[in-house]
Amino acid sequence: MTTRPQLSMASPSSPAAALKPVLIHLLRGASDLASVAATHAKLVKAGFASPLASSNHLLAAYCRCGAMCCARDLFDGMRDRDVVSWTTLMSGYAAAARPRDAMSLLRAMGSSGVRPNAVTFSTAACACARLADAGLGRQVHAQAEVAGCARDAVVATSLLDMYAKAGGVEDARAVFDAMAAPARNAVSWGAMLAAYAQNTLGDEAIRLFAELRTHGGGVAPNHFMLATVVSACAGMARLGIGRCVHGAVLRLGYGNNDVISVALVDMYSKCGCYEYSRKVFDRIEQPSVVTYTSIIVAAAKYGRWRCVLTLFNEMVDQGVRPNDVTLLGVMHACSHSGLVDTGLQLLRSMQSKYGVAPCPSHYTSAVDMLGRAGRLEEAFELAKEAQVEGNDALLLWNSLLSACRTHKRLDLATMAGQRVFNNQQDVAGGLVMMSNAYVSAGQIDNAAAVRSSMRLRGIRKDPGCSWIEVKDTPYVFYAGAISCAGAWADEVLMLLDELESKMRERGYRGRLGSARVSDAHEDEEEEGKGVMVGVHSEILALAFGLLVVPKGMTIRVMKNLRMCSDCHEVFKLISGIIEREFVVRDLNRFHHFKMGSCSCNDYW
DNA sequence: ATAGGGTTAG
């Protein structure tokens with residue numbers, strides 16, 4: 001930021017009183033520490049440093065620069081402090097990712113006798129949101145209620161957001177419901193939509209969006225809401241509704257909004273329609289880092305590495321500097337296409353070439369690609385070199401464990417498993433990996449032991465499920481449970497029998513449904529309830545899709561976990577037997593099955 | 001003067 005010479009050159013002959021508004025104006029426009037400090041000096045010289053209003057402006061200016069030490073020194077030296085002084089400093093701490101300091105300031109404020117106002121409560125709620133601490137947030141809520149501020153639109157919206165970010169969607173909704181309808185403005189509707197979307201309640205987000213249009217009391221959808229709803233559709237892979245929302249985006253005149261375009265690119269790619277993603281991207285006039293990244297990530301999901309590298313080079317040529325997410329997307333593309341050395345090179349050169357330091361996720365991606373390629377010793381060395389901690393470490397070592405499983409390297413799996421256990425974090429994923437590694441090595445007893453220790457310790461993993469959208473309605477399938485097919489259940493079974501025998505003729509040796517131990521990668525709670533014990537959810541969803549999706553239409557199956565190698569083989573075989581195309585969305589990529597093969601070329 | 005919501009990655 002530059003200072004404004006025409007303002008700093010206030011006439012020396014002007015009376016001091018005239019200087020004050022000029023200096024205050026300077027402060028309000030300043031966002032760099034040097035000019036704030038310079039103006040501070042001038043204020044002191046002119047004798048205005050101590051009056052409350054000037055100090056508050058200075059305080060706000062220091063907070064805007066993120067110079068929290070300067071802000072604190074100033075605050076501590078102030079003779080008088082009013083609610084604005086306290087609130088300004090609190091808000092500075094919250095914005096500087098120091099929510100704990102903001103909250104201790106709230107307590108100190110209480111004992112100093114200055115009464116908080118609506119802005120103070122809103123700021124405190126924001127700090128609690130950053131801490132994701134609903135307990136502390138509830139105390140703020142209670143204080144605001146007592147002070148009569150809780151119905152204030154801004155306070156209520158901040159509290160709503162706080163509950164949502166602390167995982168209490170019901171509490172967030174209660175705050176929303178308690179707001180009088182006229183108090184609900186575009187921001188509160190947007191915050192409630194985001195609350196659902198961020199807590200993976202996409203259906204609720206879509207329902208609320210519909211409610212806005214019928215009972216919104218004149219509040220029009222804005223770009224915040226549209227981006228949120230599109231992202232909710234992406235999360236649930238709901239192509240039908242996603243296209244409707246895209247229509248609304250265009251009708252409302254937001255077709256040129258970058259943030260919405262990014263959400264649309266992501267939505268179409270997660271719905272299995274890369275071509276639509278491409279169309280949305282091609283309409284963007286001046287793609288930014290984020291828009292380039294969204295299409296790179298989309299192409300990476302489809303294993304289109306040539307496309308990814310072309311886009312990446314084009315972006316760099318255009319002078320758009322890649323960020324950490326872009327580079328991760330390119331690395332994923334390398335990983336999913338077997339371009340191990342290109343990917344590793346990128347990891348080693350990202351700092352010098354693009355000024356981006358490798359994050360834990362970049363190391364995880366690199367470990368993943370080495371692991372897939374069977375270069376497990378290198379993967380292990382790199383994992384150690386990365387020196388990551390906490391949840392990041394879990395992801396990293398899990399990735400290695402998964403590779404150990406695929407390549408039946410129990411020796412390394414045990415060492416990697418140890419690293420997972422050493423992390424005091426959520427270990428469910430690691431334990432499942434361990435159990436699967438034992439299964440692959442034929443050590444069924446050990447696998448069972450890990451599983452039962454999980455049950456004893458009350459550790460659960462999200463059950464694996466697959467779903468398919470038919471005429472805008474999602475049908476969700478769990479392993480072994482055919483009841484989801486409703487009236488079609490019997491026909492699903494018959495079709496699976498028929499397919500199994502046809503696959504046999506082509507050399508398939510497995511079984512689609514039986515109590516196989518290798519099914520351990522999916523939840524077995526449904527065991528016994530279904531007619532076909534052990535049949536994987538994606539196979540059920542596919543069979544259902546083959547029956548109900550009209551011929552000629554691509555069948556799109558979504559899955560919340562990664563597809564297992566058995567199912568991958570089965571899907572390839574089925575696509576060769578039946579002349580239909582189907583797309584499976586994995587946890588992290590797409591598989592397009594056609595005439596007996598898959599777009600991933602078995603790299604996954 | 002001080003305050004509230006959104007996109008890409010996992």
Side-chain angles (χ1 to χ4, degrees), chain A residues 24 27-28 52-61 63-64 82-92 94-95 116-127 129 149 152-162 164-165 172 175 185-195 197-198 221-232 234 254 257-267 269-270 277 281 287-298 300-301 322-332 359-362 364-365 368 391-392 394-396 398-399 587-588:
Chain A
I24 299 291
L27 273 181
R28 296 195 64 189
L52 195 53
S54 309
S55 302
N56 283 349
H57 278 293
L58 258 180
L59 200 54
C63 288
R64 259 202 314 281
D82 64 359
V83 61
V84 175
S85 330
W86 287 94
T87 306
T88 301
L89 191 61
M90 272 179 68
S91 141
N117 67 12
V119 183
T120 319
F121 290 121
S122 168
T123 306
C126 175
C149 296
D152 177 280
V154 176
V155 175
T157 305
S158 306
L159 287 168
L160 188 168
D161 184 54
M162 177 277 296
K165 294 210 163 80
V175 173
N185 57 24
V187 181
S188 23
W189 279 93
M192 194 62 231
L193 281 170
Q198 286 160 5
N222 60 21
H223 67 285
F224 287 108
M225 301 181 204
L226 289 166
T228 305
V229 174
V230 171
S231 149
Y254 287 105
N257 182 292
D258 262 18
V259 173
I260 298 179
S261 296
V262 165
L264 285 168
V265 167
D266 180 54
M267 185 271 290
S269 84
K270 285 183 177 156
S277 294
F281 175 77
S288 65
V289 206
V290 180
T291 41
Y292 263 120
T293 301
S294 68
I295 192 70
I296 284 173
V297 169
K301 283 200 176 79
N323 65 20
D324 53 336
V325 183
T326 321
L327 292 164
L328 189 61
V330 179
M331 287 184 67
H332 276 317
C359 310
S361 50
H362 298 109
T364 302
S365 181
D368 190 56
N391 207 35
D392 294 328
L394 191 72
L395 292 170
L396 182 98
N398 258 350
S399 169
L587 189 59
N588 51 18

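Each chain gets a letter, A, B and so on, in the order its sequence line appears, and its residues count up from 1. Because the structure is a prediction, the values reported are computed rather than measured.
- Heavy atoms of Val297(A) sit under 4.0 angstrom from primed sugar atoms or phosphate atoms, though from no base atom.
- When rounded to the nearest whole Å, the span between OH of Tyr292(A) and C1' of dA9(B) equals 19 Å.
- Using a 4.0 Å heavy-atom distance criterion, Asp324(A) is classed as making no nucleic acid contact.
- A straight line from CD1 of Ile260(A) to C1' of dT8(B) spans 15 Å, rounded to a whole angstrom.
- Each of dT2(B), dG5(B), dG4(B) was ranked by its minimum atom distance to the side chain of Ala60(A); first place goes to dT2(B).
- With dA9(B), dA3(B), dA1(B) as the choices, the nucleotide that has an atom nearest any side-chain atom of Asp152(A) turns out to be dA3(B).
- Contact annotation for Leu395(A): no contact, since no heavy-atom pair falls under 4.0 Å across all strands.
- For His332(A), counting side-chain heavy atoms from C-beta on, the closest listed nucleotide (dG6(B), dG10(B), dT2(B)) is dG10(B).
- Side-chain contact check for Asp266(A) versus Ser294(A): every heavy-atom pair is 4.5 Å or farther apart.
- When the C1' atom of dT7(B) is taken as reference, atom CG of Asp258(A) falls 9 Å away, rounded to whole Å.
- Base engagement by Ala153(A) is indicated by at least one non-hydrogen atom pair under 4.0 Å involving a base atom.
- Contact annotation for Asn56(A): base contact, defined as any heavy-atom pair under 4.0 Å involving a base atom.
- Here Ser91(A) reaches the OP1 or OP2 of dA3(B): one of its side-chain N or O atoms lies under 4.0 Å away.
- Across the protein-nucleic acid pair, Leu193(A) atom CG and dG5(B) atom C1' stand 9 Å apart, rounded to whole Å.
- Within the 4.0 Å cut-off from OP1 or OP2 of dA9(B), not a single side-chain nitrogen or oxygen of His362(A) is found.
- Comparing dG6(B), dT2(B), dA9(B) by their closest approach to the side chain of Thr88(A) singles out dT2(B).
- Distance, Leu160(A) CG to dG6(B) C1': 15 Å, rounded to whole Å.
- As rounded to whole Å, 4 Å separates atom P of dA9(B) from atom NZ of Lys270(A).
- Between the side chains of Asp258(A) and Ser261(A), not a single donor N or O lies within less than 3.5 Å of an accepting N or O.
- Within the structure, every side-chain polar atom (N or O) of Lys301(A) is placed at least 4.0 Å from both OP1 and OP2 of dT8(B).
- Side-chain atoms of Asn185(A) and base atoms of dG4(B) include a donor and an acceptor less than 3.5 Å apart.
- Remark: C1' of dG6(B) and CZ of Phe224(A) are 6 Å apart, rounded to the nearest angstrom.
- Side-chain N/O atoms of Gln198(A) include none lying less than 4.0 angstrom from OP1 or OP2 on dG5(B).
- Comparing atom distances between the Thr87(A) side chain and each of dG4(B), dT2(B), dT7(B) picks out dT2(B) as nearest.
- The shortest side-chain heavy-atom distance between Ser269(A) and Val297(A) does not fall under the 4.5 Å cut-off.
- Of the N and O atoms on the side chains of Thr291(A) and Ser288(A), at least one donor lies less than 3.5 Å from an acceptor on the other residue.
- Nearest nucleotide to the Val84(A) side chain, out of dT2(B), dA3(B), dT7(B): dT2(B).
- Minimum atom distance to the side chain of Ser231(A) is reached by dT7(B), of the listed dG10(B), dG5(B), dT7(B).
- Between dT8(B), dA3(B), dG4(B), one nucleotide has an atom nearer to the side chain of Thr123(A) than all others, and that is dA3(B).
- Summarising the geometry of Val155(A) relative to Ala118(A), their closest heavy-atom pair is CG2-O, 3.3 Å, with the distance given to 0.1 Å.
- No contact: Ala195(A) has no heavy atom under 4.0 Å from any strand.
- Under 3.5 Å, the side chains of Ser85(A) and Asp82(A) contain a donor-acceptor pair of N or O atoms.
- Remark: the Ser122(A) side chain and the Ser158(A) side chain contain an N/O donor-acceptor pair separated by less than 3.5 Å.
- Nucleotide dA3(B) holds its P atom 19 Å from the CE atom of Met162(A), rounded to whole Å.
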